[in-house]
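A quick write-up on the structure given underneath.
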Amino acid sequence: MTANLTTQPAWKKLNSHYEAIKATHLRDLFADDPKRGETFSLDAVGLYLDYSKNRITDETLSLLIELAESAGLKDRIEAMMTGQKINTTEDRAVLHTALRAPSGANIEFEGRNVVPDVHAVLDKMAAFCEAITSGSWTGHTGQPIRNIVNVGIGGSDLGPVMAYQALRHYSNRNLTLRFVSNVDGTDFAEATRDLDPAETLFIIASKTFTTQETMTNAHTARTWLLDGLGADPSAVAKHFVALSTNAQQVAEFGINTDNMFGFWDWVGGRYSMDSAIGLSTMLAIGPEQFHQMLAGFHEMDQHYRTAPLDKNLPVLMGLLTVWYTDFFGSQTTAVLPYDQYLSRFPAYLQQLTMESNGKSVTLDGDRVDYDTSPIYWGEPGTNGQHSFYQLIHQGTHLIPCDFIAFGKSLNPIGDHHDKLSANVFAQGEALAMGKTREEVLAEGTSEELAPHRVFEGNRPSNTLLIESLTPAVLGKLVALYEHSVFTQGVIWQVNPFDQWGVELGKVLAKKIVPELESTDQPLAHDSSTNRLIQRYRSLKA
Ligand code: F6P
């Protein structure tokens, strides 16, 4: 069976509407409506979204909203936020919004209010942070902890790394934070080469506590520590803590479960940076600012749950993504933060967006006959401008861009911030308006060179303009994209909360490890894989 989305009335209307407006230029839309910049903007929960530079009209928006309504988006949001098992392929609830609910809230899952459990873990994390920063928690030799190494991968790494970079301005500079994710030994070696084991704490972050990369790095960390501290196994207790849902595996690894910070089955890995997985973030910025970040998340959750669909930031952004992906055929979306602190934000979003909506069957198991998640990518501005922006301006692909800009710099040095901000506004303008052949010729460019210097324009972008990057703002930004992804998933009828697509490679890798360790084990792969393994064996020898 194929999915029924494209046969729905709202979809069909969008199709005809697309045919009618696909050639309309943003230049004309702005010329026709001097108030367009105001009309197509939304100021909510401290974020200002200018979405006027999108190839949309009032009609586009009402048809997209009709599509969301016919998909039952409001009910799906309620189902998610009230703990229904909407992750049907794993038979799980999806309650990351409970991780940032205030302590008095009541969110029930299987008859139990989960909010007190969430806050009990947050309190335990805060007490631990206090013990580390005050120096009352010491290492095996009595020295205070100065280095924190988070060992995890995917959702147990990307969120913590991104948040640490993003909130570095607010961080305790007496602590050195490092992150080890790759099973490539280089990652561990370089992260630890200048650290003193006596002052180093490893946070082993893994929801399942079975992930090959993390477990390999965790064992290497234990060996590194014991080699450095004289092989006394009791040292592990003072230098290892675990973030996990799997107490049994944590204990088997040798970490006392008193030093484990738990979370729950209903927290997906890529939705977990505000759970115990955020321990490194809390250590860096302190419990108070961590709570400010959670409050920011919660504000966006409330907005998503209660604001009308046409005044709802994540809904608008999600629907615009559907518009470009399925009607304009856009394959990618660029996220371009004009803030160096957000340098890892696009990488973080790659897991959030693509592991969530990189699906080709619906919740009912039907094959989709439309595109789902675009490829997300990006780099901070202005660096990207001197690299790949050429293609966004004059290449053959239509790449919707999300610009993220701030009114105030956290490092207000000279006129850096005005120059930075001038660039972000200039890029949005240039992409939308372009430069016509007439304009190029009027500048004195020769006929011959003119085609090279014409900018077609009509390239869409959103601009988020925010006062400054604070912990609360980071929470809002992450929740904005989480809910935009959910909105997209609801329209596409896929399950944004499973990730079966990563399994096959994992299983095959497990099978191949012994084949690489052996020199003569017979190989039964395809001829390409067989030859690669044979060649690897000889290179290794
Ligand atoms: O690669 C798949 C995945 O399951 C991600 O979804 C997850 O974030 C990551 O692996 C790490 O999993 P864990 O936290 O269980 O080690």
Side-chain angles (χ1 to χ4, degrees), residues 86-96 99 121 125 149-164 179-184 187-188 202-222 240-253 255 257 260-281 344-359 372-373 376 478 481-482 485-486 489 494-510 513:
I86 62 167
N87 177 357
T88 48
T89 57
E90 294 181 325
D91 194 28
R92 285 180 185 159
V94 176
L95 267 177
H96 45 276
L99 297 169
V121 174
M125 289 162 66
V149 183
N150 188 81
V151 177
I153 198 164
S156 302
D157 168 71
L158 289 162
V161 173
M162 181 278 289
Y164 173 60
F179 298 85
V180 176
S181 51
N182 201 333
V183 73
D184 181 345
D187 204 10
F188 182 86
F202 288 97
I203 299 177
I204 310 301
S206 175
K207 180 178 171 183
T208 55
F209 232 73
T210 56
T211 305
Q212 185 198 49
E213 294 90 332
T214 302
M215 289 304 106
T216 305
N217 280 319
H219 282 100
T220 300
R222 188 165 56 187
F240 279 78
V241 298
L243 319 176
S244 189
T245 57
N246 190 342
Q248 194 187 331
Q249 289 289 334
V250 168
E252 270 173 35
F253 177 85
I255 296 176
T257 46
M260 167 177 159
F261 301 84
F263 54 112
W264 306 270
D265 215 25
W266 41 258
V267 181
R270 53 193 173 274
Y271 297 87
S272 68
M273 62 169 274
D274 47 347
S275 70
I277 291 293
L279 183 64
S280 60
T281 314
R344 294 295 288 166
F345 193 59
Y348 169 76
L349 288 184
Q350 289 188 318
Q351 186 197 17
L352 178 64
T353 56
M354 296 194 275
E355 202 173 68
S356 294
N357 284 335
K359 311 285 163 66
T372 58
S373 181
Y376 278 78
V478 173
Y481 278 93
E482 284 177 350
V485 163
F486 184 65
V494 300
N495 179 2
F497 303 108
D498 64 11
Q499 58 285 316
W500 298 106
V502 300
E503 290 307 316
L504 178 59
K506 284 188 194 174
V507 172
L508 286 176
K510 277 210 177 108
V513 169

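The first residue of the sequence shown is numbered 1, and numbering continues consecutively from there. In each ligand, atom 1 is the first atom listed, and ligand 1 is the first ligand listed.
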CD1 on I277 to CD1 on I203, rounded to 0.5 Å:
9.5 Å
Does S356 form a side chain to side chain contact (heavy atoms under 4.5 Å, CB included) with R270? I'd like the steps, not just the answer.
CA-CA 8 Å; S356 294; R270 53 193 173 274; 2.8 Å; yes
Carefully, step by step, assess F261 and V241 under the rule side chain to side chain contact (heavy atoms under 4.5 Å, CB included).
CA-CA 8 Å; F261 301 84; V241 298; 4.1 Å; yes
On the ring face of Y164, is R344 found with NZ or CZ under 6.0 Å from the centre and within 45° of the axis?
no
Residue, atom and distance of the protein heavy atom nearest atom 8 (O) of ligand 1 read G155 N, 2.7 Å
Between V502 and ligand 1, which part of the residue brings a heavy atom under 4.0 Å of the ligand: side chain, backbone, both or neither?
side chain
Is there a nitrogen or oxygen of T214 sitting under 3.5 Å from a nitrogen or oxygen of ligand 1?
no
Proximal atoms of ligand 1 relative to T208 (non-hydrogen, under 4.0 Å)
13 (P), 15 (O), 16 (O)
Around atom CD of Q248, are there more than 12 heavy atoms of other residues, nucleotides or ligands at under 6.0 Å?
no
Classify the side-chain pair N495/N87 by whether it contains a donor and acceptor separated by less than 3.5 Å.
yes
Can you report which non-hydrogen protein atom sits closest to atom 1 (O) of ligand 1, along with the distance?
E355 OE2, 3.7 Å
Test of ring centre spacing under 6.0 Å for Y348 and Y481
no
May I ask you to identify the nearest protein heavy atom to atom 4 (O) of ligand 1, giving residue, atom name and distance to one decimal place in Å?
K506 NZ, 3.9 Å
Between G154 and ligand 1, is there a nitrogen or oxygen pair with a distance under 3.5 Å?
no
Heavy-atom contact under 4.0 Å between Q351 and ligand 1?
yes
Single hit among S244, S181, S206 for side-chain contact (heavy atoms from CB on, under 4.5 Å) with T214
S206
Here the atoms of ligand 1 under 4.0 Å from any heavy atom belonging to T211 are 12 (O), 13 (P), 15 (O), 16 (O)
What protein heavy atom lies closest to atom 9 (C) of ligand 1? Include the residue and the distance to one decimal.
I153 O, 3.7 Å
Which one holds for Q249 and ligand 1: side chain close, backbone close, both close, or neither close, with close meaning a heavy atom under 4.0 Å?
neither
